[in-house]
Amino acid sequence: MMPSFLRLSVLALTIVDSASAHYGFPFTVVNGVVSKRWEHVRPASKFFPVLKVDGPEGMCGFNATLPAFPIKTIKIAAGSEIGFGATIYHGYISSTPRDPVESEIFEDFDSRIPFRHTLHHSGPAAAYLSKAPGDDLNGYNGDGSWFKFASVGASDGMIWDIGGHKNKPVMIMNFTIPASTPPGHYLLRVEHLNMLQAHVRGGVELFPSCAHVEITGAGTGTPEPQVKFPFYTRDDPSIWLPILLAQPYKAMDELKNWQGAGPAVWQG
Ligand SMILES: *[C@@H]1O[C@H](CO)[C@@H](O)[C@H](O)[C@H]1NC(C)=O
Ligand SMILES: *[C@@H]1O[C@H](CO)[C@@H](O)[C@H](O)[C@H]1NC(C)=O
C-alpha cells in the first residue's frame, strides 16, 4: 500500500488535471450551515459540463434525473436565501462510508485549499422550482411544471456577477425564494452557464444541480410562467450571445438589462 501522503498527492494531481475547469454544486448553505456533500443535492455521476442543454443531463446533471440514492430534504422558509456551494472535486456518488483520505479531500467544504471550491468560469446563474406531486422528492423525476424565481447576470453590464474571477472568486451562489411561494415539496434546480467558450464549442457549457427542499410559510402566490424541462433549445438566442465576446470588456445595456436564458423570472 502506498504511503498516504504519496497517495494523496497522486490523487490531487489527477484531479487538478482532469477537473480544473469542471465544477458542480453538491453543497447547500442555509442559515450559514453548509451541508455535507450530496446531503440535499442530487448526486451527479460527473462534473463534466453539460453541452446538450436540452438533454436529460441538462436538468439536474449527469445521471441525476432521479437520485442514485435517497437524499434528505432541507426545510427553508419562503422569503429566505439558499446558497449552493461549488467544488471541482467530484468524489463518489456512493452513499457508503468512504476512505478517510478521500473524505479529507472530497468531503470538507472548508478545505485547506479553498481555491478548489470556486467556480472556474464566469456567466449567468438562475434558479428554478418544480413542485413534486406529493411529498416524495426521491421519486420525482422533474417531469412536472417549473418556474424560474431568480436570475443573476452582469449588474454592471460588463462582467458576470457570478464567476471565477481571480480578484473576486465566488464559492457560493445564493438565491432568495420569493416570500409568496406556496409551501410544499419542491425540486430546486440551479444552473450556472459558461458563456465565454460559446465561440469555441458553438454553444454554452451548463452546470446544473438540483436540491430537495421543503418550502414552509403561508405563501399563496401563483408562480408563472410555468414551463416544462428543457427550458431552451441548443441554439436558443437567449443562451447564445456572441456579443459577449467583445474584447476588451465594455458596458453594454443589452447585458445589463438581460433577463437571462429561458423563461421570465417570477418575482413573487
Ligand atoms: C449517465 O448519463 C449519460 C449521459 O446522459 C448516459 O449516456 C448514461 O447512459 C447514463 N448512465 C446511467 C447508468 O444511467
Ligand atoms: C452567498 O452567501 C454566503 C453566506 O452564506 C457568502 O459567504 C457568499 O459570499 C455569498 N455569495 C455571493 C456570490 O455573494
Side-chain angles (χ1 to χ4, degrees), residues 20-42 47 49 61 71-89 106-129 148-179 181 186 188-196 204-217 244 249 251 255-262 265 267-268:
S20 56
H22 303 165
Y23 49 98
F25 303 94
F27 308 98
T28 57
V29 187
V30 171
N31 295 326
V33 179
V34 180
S35 74
K36 299 250 185 297
R37 170 181 297 273
W38 307 134
E39 188 175 0
H40 311 117
V41 174
R42 284 195 175 175
F47 280 169
I71 59 167
K72 292 188 204 159
T73 298
I74 187 162
K75 260 192 196 176
I76 175 162
S80 56
E81 190 175 69
I82 182 166
F84 283 78
T87 179
I88 68 164
Y89 294 130
F106 291 129
E107 299 229 322
D108 182 3
F109 184 78
D110 294 314
S111 162
R112 282 163 290 172
I113 34 178
F115 172 70
R116 297 295 162 203
H117 290 298
T118 59
L119 281 70
H120 278 258
H121 298 299
S122 295
Y128 293 77
L129 282 166
K148 185 181 190 175
F149 69 92
S151 173
V152 183
S155 49
D156 64 359
M158 195 155 51
I159 308 253
W160 298 111
D161 293 350
I162 295 189
H165 306 293
K166 291 210 161 48
N167 55 347
K168 205 186 131 199
V170 170
M171 296 169 64
I172 303 169
M173 39 180 209
N174 304 306
F175 303 96
T176 299
I177 296 173
T181 304
Y186 290 85
L188 193 166
R189 172 185 180 276
V190 294
E191 69 178 18
H192 188 244
L193 293 161
N194 172 23
M195 310 297 275
L196 292 181
V204 298
E205 293 186 339
L206 171 64
F207 299 89
S209 288
C210 292
H212 291 188
V213 303
E214 181 185 350
I215 296 177
T216 61
L244 299 183
Y249 293 117
L255 192 48
K256 194 167 186 174
N257 302 325
W258 190 54
Q259 280 298 295
V265 175
Q267 309 284 355

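Model, not experiment: these values are computed from the prediction. Position 1 is the first residue of the sequence; numbering continues from there. Whatever order the structure lists ligands and atoms in, that order sets their numbers, starting from 1.
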Donor-acceptor contact present, side-chain [X] to main-chain [Y], <3.5 Å:
| X | Y | value |
| --- | --- | --- |
| H192 | G123 | yes |
| D161 | V152 | no |
| S209 | G24 | no |

Side-chain heavy atoms of L119 within contact of F25, under 4.5 Å: yes

Can you tell if the side chain of E39 reaches within under 4.5 Å of the side chain of T28, non-hydrogen atoms only? no

Given the protein's heavy atoms, is any one of them under 4.0 Å from atom 4 (C) of ligand 2? no

N or O contact, I172 vs ligand 2, cut-off under 3.5 Å: yes

Has ligand 2 got any nitrogen or oxygen that is less than 3.5 angstrom from a nitrogen or oxygen of E81? no

Among all protein non-hydrogen atoms, which one is nearest to atom 9 (O) of ligand 2, and what is the separation to 0.1 Å? N174 ND2, 4.8 Å

Test item, V29 contacting ligand 2 (heavy atom, 4.0 angstrom): yes

